[in-house]
Amino acid sequence: MATSARIIDALKRQLKVRGFTYKGLADKLELSESAVKHMFSTGNFSLRRLDELCAVLELDFGDLVSLSEALEPRIEQLTAEQEQEIVADIRLLHDAYCLIKYWSFDEIVERYNISPQEGLRYLRRLDRMRIIELQPGDRVRLLIANNFSWRKNGAIEKFFRSRVQSEFFSHDFADDSSIRIVKNGMLTRKSHLQLIEKLKSTGDHFDDLTWDERRVPAADRHGTTMVLAIRHWFFEGFRELERR
């Protein structure tokens with residue numbers, strides 16, 4: 001879908017969300033209803049008219065663009081081959097991670113030991129993989145969905161288990177910015193499934209916050225990892241005490 005078509009679709013959706021009819025919008029803009037319908041059917045909007053529409057809908061134009069981008073089909077998961085290619089090159093994995101966390105190319109080059117030329121080579125690889133779209137001026141447009149996730153038991157998850165997980169849990173979680181909650185008990189299947197849904201909702205909230213703050217400079221954001229886990233489990237050391 002072209003950018004202009006997505007913006008028009010986003011406008012239509014916002015009209016519906018805010019309870020506006022074409023007639024109601026026409027009254028606000030001091031136009032005839034037929035003129036408003038013609039604008040939306042042809043997509044013939046001047047910049048001044050778009051500003052007026054945004055004012056009526058109480059939207060910033062940048063917000064409208066973001067809403068329109070959210071309508072574009074995005075990648076929710078990479079292929080097994082793509083994950084394998086990324087994890088085989090630690091620099092490629094690092095750059096992909098930073099970009100997925102909404103770092104700009106300039107922020108990556110400024111903070112990490114990588115030249116602009118070398119960084120561009122990695123951007124071109126990610127562009128060929130259709131994870132990003134490399135635009136003029138070395139700008140990057142992500143092609144992944146807000147709810148993007150790694151493949152279950154895929155190459156990235158295996159890398160996490162072997163290289164990252166032990167380092168993450170070796171922390172004492174004693175500072176004010178950390179928390180580790182471990183609960184043990186006996187639950188029915190119904191309660192167990194209710195907790196799973198709440199954990200999923202918390203994960204979705206994390207994704208929403210990441211998306212909302214994506215335009216904040218990377219220097220003002222902090223790498224944050226949240227692990228939510230629940231399973232049927234009983235300490236094996238206790239099982240050894242069970243009556244045989």
Side-chain angles (χ1 to χ4, degrees), residues 1-18 50 53-54 57-79 82-83 86 92-112 119 122-123 126-127 129-152 154 156-157 160 164 168 177-179 196-229:
M1 186 187 295
T3 301
S4 57
R6 290 202 308 270
I7 287 177
I8 293 169
D9 197 18
L11 279 170
K12 290 179 179 178
R13 287 170 182 259
Q14 290 305 305
L15 287 174
K16 184 175 182 180
V17 167
R18 287 164 168 74
L50 276 175
L53 280 167
C54 287
L57 296 173
E58 298 180 348
L59 279 175
D60 180 84
F61 186 72
D63 295 332
L64 180 61
V65 172
S66 296
L67 288 168
S68 69
E69 290 178 347
L71 297 175
E72 183 182 18
R74 299 291 184 100
I75 299 171
E76 295 184 2
Q77 203 168 68
L78 302 181
T79 65
Q82 286 175 320
E83 283 202 1
I86 288 176
L92 182 63
L93 173 62
H94 167 266
D95 288 1
Y97 173 83
C98 288
L99 292 170
I100 287 173
K101 301 308 175 187
Y102 309 109
W103 285 52
S104 70
F105 177 63
D106 289 340
E107 287 172 327
I108 295 174
V109 172
E110 179 182 353
R111 179 162 178 174
Y112 293 98
Y122 284 110
L123 290 188
L126 294 171
D127 180 85
M129 296 168 72
R130 302 305 297 155
I131 296 171
I132 66 168
E133 180 185 277
L134 185 55
Q135 298 181 331
D138 301 335
R139 291 183 298 109
V140 170
R141 187 167 75 92
L142 284 176
L143 300 179
I144 62 172
N146 187 31
N147 62 339
F148 172 81
S149 64
W150 302 114
R151 300 179 67 87
K152 287 188 176 181
I156 302 294
E157 190 173 284
F160 174 84
V164 181
F168 179 80
S177 62
S178 303
I179 186 172
I196 287 177
E197 290 306 312
K198 286 186 179 295
L199 292 179
K200 287 180 179 178
S201 177
T202 301
D204 290 341
H205 183 53
F206 186 97
D207 289 337
D208 291 342
L209 292 175
T210 303
W211 171 259
D212 291 342
E213 297 184 338
R214 68 194 183 283
R215 301 192 191 282
V216 176
D220 296 328
R221 292 181 286 143
H222 307 280
T224 304
T225 298
M226 179 177 69
V227 179
L228 304 172

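Along the sequence shown, residues carry numbers from 1.
- Between the side chain of R221 and the backbone N or O of Y102, at least one donor-acceptor pair lies under 3.5 Å.
- Listed by chain and number, the residues in a salt bridge (charged side-chain N to carboxylate O under 4.0 Å, His left out) with E83 amount to none (sequence neighbours excluded).
- Under the side chain to side chain contact (heavy atoms under 4.5 Å, CB included) criterion, K101 pairs with Y97, W103, not counting sequence neighbours.
- With rounding to the nearest 0.5 angstrom, the CD1 atom of I75 is 11.0 Å from the CD1 atom of I132.
- Rounding to the nearest 0.5 Å gives a distance of 11.0 Å between CG of D95 and CD1 of I100.
- Checked by atom type and distance alone, the side chain of S201 never pairs as donor or acceptor with a backbone atom of E197 at under 3.5 Å.
- Contacts of Q135 classified as side chain to side chain contact (heavy atoms under 4.5 Å, CB included), with partners at least two apart in sequence or in another chain: E133, R139, R141.
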Please report the C-alpha distance between I108 and L99 in whole Å, then the side-chain angles of each, then the deciding distance to 0.1 Å, and finally whether the side chain to side chain contact (heavy atoms under 4.5 Å, CB included) criterion is met.
CA-CA 9 Å; I108 295 174; L99 292 170; 3.9 Å; yes
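- Proximity of L126 to L92: side-chain heavy atoms (C-beta onward) are separated by under 4.5 Å at one or more points.
- Not a single ring pair (Phe, Tyr, Trp, His ring centres under 6.0 Å) links H205 to another residue, sequence neighbours left out.
- At least one donor-acceptor pair closer than 3.5 Å links the side chain of D127 to the backbone N or O of L134.
- Looking at R13 and D9, a side-chain N of the basic residue comes within less than 4.0 Å of a carboxylate O on the acidic one, giving a salt bridge.
- Residues T202 and M226 meet the side-chain proximity criterion, which asks for heavy atoms closer than 4.5 Å.
- Residues E76 and S149 fail the side-chain proximity criterion, which asks for heavy atoms closer than 4.5 Å.
- Atoms CH2 and CD, from W150 and Q77 in turn, are 10.0 Å apart once rounded to the nearest 0.5 Å.
- Using a 4.5 Å heavy-atom threshold, the side chains of L15 and L53 count as separate.
- Two residues are said to be in side-chain contact when any heavy atoms from C-beta on lie closer than 4.5 Å; L50 and L11 meet this criterion.
- Residues passing the side chain to side chain donor-acceptor pair (under 3.5 Å) test with R18 are Q14, sequence neighbours excluded.
- Applying the side chain to side chain donor-acceptor pair (under 3.5 Å) criterion to T224, with sequence neighbours excluded, gives no partner residue.
- A donor-acceptor pair is defined here as one N or O able to donate and one able to accept, closer than 3.5 Å; such a pair exists between the side chain of R151 and the backbone of L78.
- Note that the CG atom of D207 and the CZ atom of F148 stand 11.0 Å from one another [nearest 0.5 Å].
- Under the 4.5 Å side-chain criterion, counting only non-hydrogen atoms from C-beta, I144 is in contact with I131.
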